[in-house]
K.L.:
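Please see the structure below; I have some questions.
Note that these values count all heavy atoms, side chains included, but never hydrogens, waters or copies made by symmetry. As the structure is a prediction and not an experimental result, all values here were calculated from the model.
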Amino acid sequence: MLRDPSFPPIHYYPWPTSGNQCGAWVVTRYEDIRRVYEDNDLFSTEGVAQFQALAGETWPSIPLGIDPPDHAKYRRFLNPWFTPVAMKTMEPRIRAIIGEMIDAFSARCEVDIAHDFGRVFPVKVFLDLMGLPFAMFDQFLAWEWDILHEPDIATKAAAVRSILAYLRGFIAEKQVAPDGTLGSYIANGVLDGQPLNVEEVIGMTWFLWLGGLDTVASSVSQMYRRLGMDQALQARIRDNPATISTAVEEFLRVQPLVNSGRKVKRDFVWHDVAIKAGDWVSVYNTSGNFDPAQFPDPRRFDPERQVNRHYTLSGGIHLCLGAHLARRELRVLLDEWFTRIPQPFRIKPGTDTTVTPGLLSIRNLPIVWDVA
């Protein structure tokens with residue numbers, strides 16, 4: 001329907017969207033989405049993913065909730081932890097976590113790839129990076145679920161208050177006993193010659209916590225669902241490991257998880273529609289990633305697609321801070337999986353494979369394989 005020439009390039013969606021309790025203008029075409037991500041003079045991230053406001057907090061999520069020019073200094077402060085060079089340093093630890101987990105279940109010839117593996121390994125990597133204790137794993141996921149998926153505002157607010165109280169205690173501990181983790185780096189951070197203030201520290205720590213728990217987990221589940229249902233694709237990647245990098249990019253393209261929102265800074269007219277300052281615009285990545293004007297034959301999964309500038313990990317200056325980490329984790333996962341479990345796997349008979357795009361859209365996905 002969105003590709004029908006008669007469907008308007010911009011339309012109004014009157015229900016809450018993009019984490020805001022209000023309606024939004026929705027754009028569905030790749031070039032329009034790119035404009036929203038890249039035109040920082042017209043579109044703002046002020047108030048985006050501002051769940052902390054439910055607990056009465058007024059500081060922004062950093063760096064997402066900061067517009068230029070200040071946005072650049074916060075990215076500059078955090079970027080050294082997420083560069084390709086930093087990911088290369090992290091890769092041995094990522095491989096060790098994945099390898100240990102696969103070896104623990106490989107002989108059973110069965111695993112719930114969503115619940116017992118996909119939701120666990122990327123969180124282990126993230127908690128290691130931040131210096132947060134794995135003992136809090138289940139509680140962290142419970143709080144995050146309530147914040148992102150629970151419709152009741154009171155439940156959301158209670159979860160926000162709980163995690164912020166925890167993170168403030170965590171920050172205080174790192175300030176007393178600094179170490180080599182990202183959490184400590186932020187807690188004791190210095191920017192432009194000045195120590196980070198209290199709101200900057202909690203704004204960064206909160207934002208990384210919120211974004212670090214389920215993006216890769218969701219991608220793993222959807223990736224294995226497709227592989228388990230398409231034996232030919234699975235064999236093609238297994239037999240040609242050189243295609244893993246482009247295959248991961250294609251998995252990301254066809255599995256967009258979040259449709260971002262931006263706040264309009266001033267009145268303007270777009271596609272003959274009058275947009276007002278203060279309105280919200282939602283970019284429908286779920287459509288843009290399949291725009292035939294950008295992706296030839298977009299409904300075909302091509303593990304060797306060479307030009308693949310999708311928006312699953314956002315775009316513009318607010319490109320996902322952890323994009324390199326997410327890609328590295330998925331590439332290492334496929335490499336280690338096909339090395340340690342070379343036999344084909346399939347989804348366990350009787351499993352409900354229904355899925356809708358979004359975070360944590362697959363809670364359980366048992367897969368099985370034959371004894372080698």
K.L.:
Got a second to check how far Ile341's CD1 is from Glu336's CD, nearest 0.5 Å?
P.N.:
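These two atoms lie 11.0 Å from each other.
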
K.L.:
Taking only Lys NZ, Arg NE, NH1 and NH2, and the carboxylate oxygens of Asp or Glu, determine whether Lys348 and Glu110 approach each other closer than 4.0 Å.
P.N.:
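Salt bridge present between Lys348 and Glu110.
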
K.L.:
Quick one about His318 and Asn40 (side-chain donor to acceptor, distance below 3.5 Å, no hydrogens or angles considered), yes or no?
P.N.:
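No.
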
K.L.:
So, Asp146 and Thr155: side-chain donor and acceptor under 3.5 Å apart, yes or no?
P.N.:
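Thr155 and Asp146 do not have a side-chain donor-acceptor pair below 3.5 Å.
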
K.L.:
Please give me the minimum heavy-atom distance between Thr58 and Gln50, naming the atom from each residue.
P.N.:
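Scanning both residues completely, I find the closest heavy atoms to be O-NE2, 4.1 Å.
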
K.L.:
With a 3.5 Å cut-off and no angle check, do the side chains of Ser260 and Tyr37 form a donor-acceptor pair?
P.N.:
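Side chains of Ser260 and Tyr37: pair found under 3.5 Å.
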
K.L.:
Find the distance between OH (Tyr166) and OG1 (Thr205) and round it off to the nearest 0.5 Å.
P.N.:
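So the OH of Tyr166 and the OG1 of Thr205 are separated by 12.0 Å.
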
K.L.:
Could you give the distance from CD (Glu329) to CZ (Phe121), rounded to the nearest 0.5 Å?
P.N.:
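These two atoms lie 5.0 Å from each other.
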
K.L.:
Using side-chain heavy atoms (C-beta onward) and a distance below 4.5 Å, is Val283 in contact with Tyr311?
P.N.:
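With C-beta onward as the side chain, the pair stays apart.
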
K.L.:
Are the side chain of Lys156 and the backbone of Glu150 linked by a donor-acceptor contact shorter than 3.5 Å?
P.N.:
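Flag set: sc Lys156 to bb Glu150 pair under 3.5 Å.
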
K.L.:
With under 30° as parallel and over 60° as perpendicular, where do the rings of Trp337 and Phe345 fit, or are they tilted in between?
P.N.:
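Perpendicular.
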
K.L.:
Determine, for Trp270 and Arg35, whether the Lys NZ or Arg CZ falls below 6.0 Å from the six-membered ring centre while staying within 45 degrees of the axis.
P.N.:
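Yes - Arg35 lies over the ring of Trp270, closer than 6.0 Å to its centre and within 45° of its axis.
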
K.L.:
Classify the angle between the aromatic ring planes of Phe140 and Trp209 as parallel (below 30°), tilted (30 to 60°) or perpendicular (above 60°).
P.N.:
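Phe140 vs Trp209 ring planes: perpendicular.
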
K.L.:
Regarding Lys124 and the six-membered ring of Phe134, is the cationic atom NZ or CZ under 6.0 Å from the ring centre and inside 45° of its axis?
P.N.:
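So Lys124 does make the cation-pi contact.
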
K.L.:
Evaluate Ser44 against Arg262 for side chain to side chain contact (heavy atoms under 4.5 Å, CB included), listing each step before the verdict.
P.N.:
CA-CA 5 Å; Ser44 171; Arg262 297 291 185 267; over 6 Å; no

K.L.:
Give a yes or no on whether the ring-centroid distance for Phe117 and Tyr224 is below 6.0 angstrom.
P.N.:
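No, ring centres 6.0 Å or more apart.
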
K.L.:
Between Glu46 and Lys265, does at least one N-O distance fall below 4.0 Å, as a salt bridge requires?
P.N.:
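Lys265 and Glu46: not salt-bridged.
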
K.L.:
To the nearest 0.5 Å, what is the distance between CZ on Arg253 and CD on Gln294?
P.N.:
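Rounded to the nearest 0.5 Å, the CZ-CD separation comes out at 10.0 Å.
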
K.L.:
Any salt bridge between Asp214 and Arg119, counting N to O under 4.0 Å?
P.N.:
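Between Arg119 and Asp214 there is no salt bridge, as every charged N stays at least 4.0 Å from the carboxylate O atoms.
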
K.L.:
Compute whether any side-chain donor of one residue and acceptor of the other, for Trp206 and Gln52, lie under 3.5 angstrom apart.
P.N.:
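There is such a pair between these side chains.
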
K.L.:
Determine, using ring centers only, whether Tyr13 and Trp25 are less than 6.0 Å apart.
P.N.:
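For Trp25 and Tyr13, the ring centres are not under 6.0 Å apart.
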
K.L.:
Would you say Met101 ends up clustered with Leu333 if hydrophobic residues are merged whenever their side chains have heavy atoms under 4.5 Å apart, either directly or through other cluster members?
P.N.:
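The answer is yes; both residues are in one hydrophobic cluster.
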
K.L.:
Looking at Arg305 and Asp302, does any basic side-chain N land under 4.0 Å from a carboxylate oxygen?
P.N.:
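Salt bridge flag = no for Asp302 with Arg305.
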
K.L.:
Between Arg34 and Glu31, does any side-chain N to carboxylate O distance fall below 4.0 Å?
P.N.:
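Salt bridge present between Arg34 and Glu31.
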
K.L.:
Kindly indicate whether the side chain of Leu233, heavy atoms from C-beta on, has any atom under 4.5 Å from the side chain of Phe301.
P.N.:
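Yes, their side chains come closer than 4.5 Å.
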
K.L.:
Show your reasoning for whether salt bridge (charged side-chain N to carboxylate O under 4.0 Å, His left out) applies to Asp192 and Arg76.
P.N.:
CA-CA 10 Å; Asp192 295 337; Arg76 187 171 64 250; 3.4 Å; yes

K.L.:
Under 4.0 Å between a side-chain nitrogen and a carboxylate oxygen: does that hold for Asp370 and Arg346?
P.N.:
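Yes, Asp370 and Arg346 are salt-bridged.
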
K.L.:
Do Thr312 and Asn289 have side-chain N/O donor and acceptor atoms under 3.5 Å apart?
P.N.:
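Side-chain D/A pair, Thr312 to Asn289: present.
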
K.L.:
Checking Glu200 against Tyr74: is there a side-chain donor and acceptor pair closer than 3.5 Å?
P.N.:
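Checked: Tyr74/Glu200 side chains pair up, N/O donor to acceptor below 3.5 Å.
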
K.L.:
How long is the gap from OG1 on Thr243 to CD on Glu249, to the nearest 0.5 Å?
P.N.:
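Answer rounded to 0.5 Å: 13.0 Å.
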
K.L.:
Looking at every non-hydrogen atom in both residues, tell me the closest pair between Pro122 and Ala217 and how far apart they are.
P.N.:
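Heavy-atom minimum between the residues: CG-N, 3.8 Å.
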
K.L.:
For the residue pair Gln234 / Arg238, report whether a side-chain donor-acceptor contact shorter than 3.5 Å exists.
P.N.:
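Yes, side-chain donor-acceptor contact under 3.5 Å.
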
K.L.:
Please test Phe290 against Asn285 for side chain to side chain contact (heavy atoms under 4.5 Å, CB included), starting from the C-alpha separation and ending with a verdict.
P.N.:
CA-CA 8 Å; Phe290 292 88; Asn285 298 325; over 6 Å; no

K.L.:
Going by atom types only, do Thr246 and Asn308 share a side-chain donor-acceptor pair under 3.5 Å?
P.N.:
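Per modelled atom types, Thr246 and Asn308 side chains form no pair under 3.5 Å.
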
K.L.:
Run the salt-bridge test on Asp128 and Arg93 with the 4.0 Å N-O cut-off and return the result as yes or no.
P.N.:
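Result for this pair is yes, salt bridge flagged.
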
K.L.:
How about Lys73: does its NZ atom have over 12 heavy atoms from other parts shown lying under 6.0 Å from it?
P.N.:
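Atom NZ in Lys73 is crowded, with more than 12 foreign heavy atoms closer than 6.0 Å.
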
K.L.:
Quick one: pull up CD1 in Ile98 and CG in Leu330 and give me the separation to the nearest 0.5 Å.
P.N.:
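The CG atom of Leu330 is 8.5 Å from CD1 of Ile98, to the nearest 0.5 Å.
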
K.L.:
With a 4.0 Å cut-off on N to O distance, would you call Asp335 and Arg95 a salt bridge?
P.N.:
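Here Asp335 pairs with Arg95 in a salt bridge, since their nearest N and O are under 4.0 Å apart.
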
K.L.:
Which of parallel (below 30°), tilted (30 to 60°) and perpendicular (above 60°) describes Tyr185 and Trp81?
P.N.:
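Tyr185 and Trp81: tilted rings.
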
